[in-house]
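Accompanying notes for the structure given below.
Only heavy atoms go into these numbers, but all of them, side chains included; no hydrogens, no water, no symmetry mates. The residues of the chain are indexed from 1 along the displayed sequence.
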Amino acid sequence: MKLLLLKKPDCMPCGMVERHLNGKLDGINHEIYDVETESGMTIASMYGAMSVPAIIALDENGVVAARITGYKPAEMDALITRIKENTR
């Protein structure tokens, strides 16, 4: 599974998500995109992300398996736990 984190530099909830995830993504395939860049806008458009922060989990086929929008620590932790359990 792969995680995509979509954010903006001046977004307070985005910073909260990044701080919450700091150190928790070790061993998880993930990419972080700034939606104010061309590559970030492309990814956001590709996966239909309309707001940030957004965490999108992709399965091994690149299909969206889960999506979290906003600062939701319990949901983020549950998703990370699920991913880590499935990669053992």
List the atom pairs, donor and acceptor, that lie under 3.5 Å between side-chain atoms in residues 38-50 and the rest of the protein, sequence neighbours left out.
residue: S39; atom: OG; partner: T37; partner atom: OG1; Å: 3.4
residue: T42; atom: OG1; partner: E38; partner atom: O; Å: 2.9

Return each pair, listed once, that meets disulfide bond (SG atoms under 2.5 Å apart) where at least one residue sits in residues 10-52; pairs must be two or more places apart or across chains.
C11-C14
Contact list for residues 28-60, test disulfide bond (SG atoms under 2.5 Å apart), sequence neighbours left out
none
For E75, side chain to side chain contact (heavy atoms under 4.5 Å, CB included) partners two or more places apart:
I68, K72
List in chain and number order the residues that pass side chain to side chain contact (heavy atoms under 4.5 Å, CB included) with N22, two or more places apart in sequence or in another chain; answer none if no residue qualifies.
none
Please name all residues satisfying salt bridge (charged side-chain N to carboxylate O under 4.0 Å, His left out) with E31, sequence neighbours left out, ordered by chain then number.
K2
Salt bridge (charged side-chain N to carboxylate O under 4.0 Å, His left out) involving K24 - partner list, sequence neighbours excluded:
D77
Would you please test L5 and H30 for side chain to side chain contact (heavy atoms under 4.5 Å, CB included) and show each step?
CA-CA 8 Å; L5 171 58; H30 68 282; over 6 Å; no
Taking only distance into account, with no hydrogens and no angle test, what donor-acceptor pairs under 3.5 Å do side-chain atoms of residues 52-60 form with protein atoms, sequence neighbours excluded?
residue: D59; atom: OD1; partner: N61; partner atom: N; Å: 2.8
residue: D59; atom: OD1; partner: G62; partner atom: N; Å: 3.1
residue: D59; atom: OD1; partner: V63; partner atom: N; Å: 2.9

Are any of the side-chain heavy atoms of I32 and K7 separated by less than 4.5 Å?
yes
To the nearest 0.5 Å, tell me how far L21 CG sits from I28 CD1.
9.0 Å
When hydrophobic residues are tied together by side-chain contacts of less than 4.5 Å, even through go-betweens, does [X] share a cluster with [Y]?
X   : Y   : value
L4  : V35 : yes
V64 : M76 : no
L25 : Y33 : no

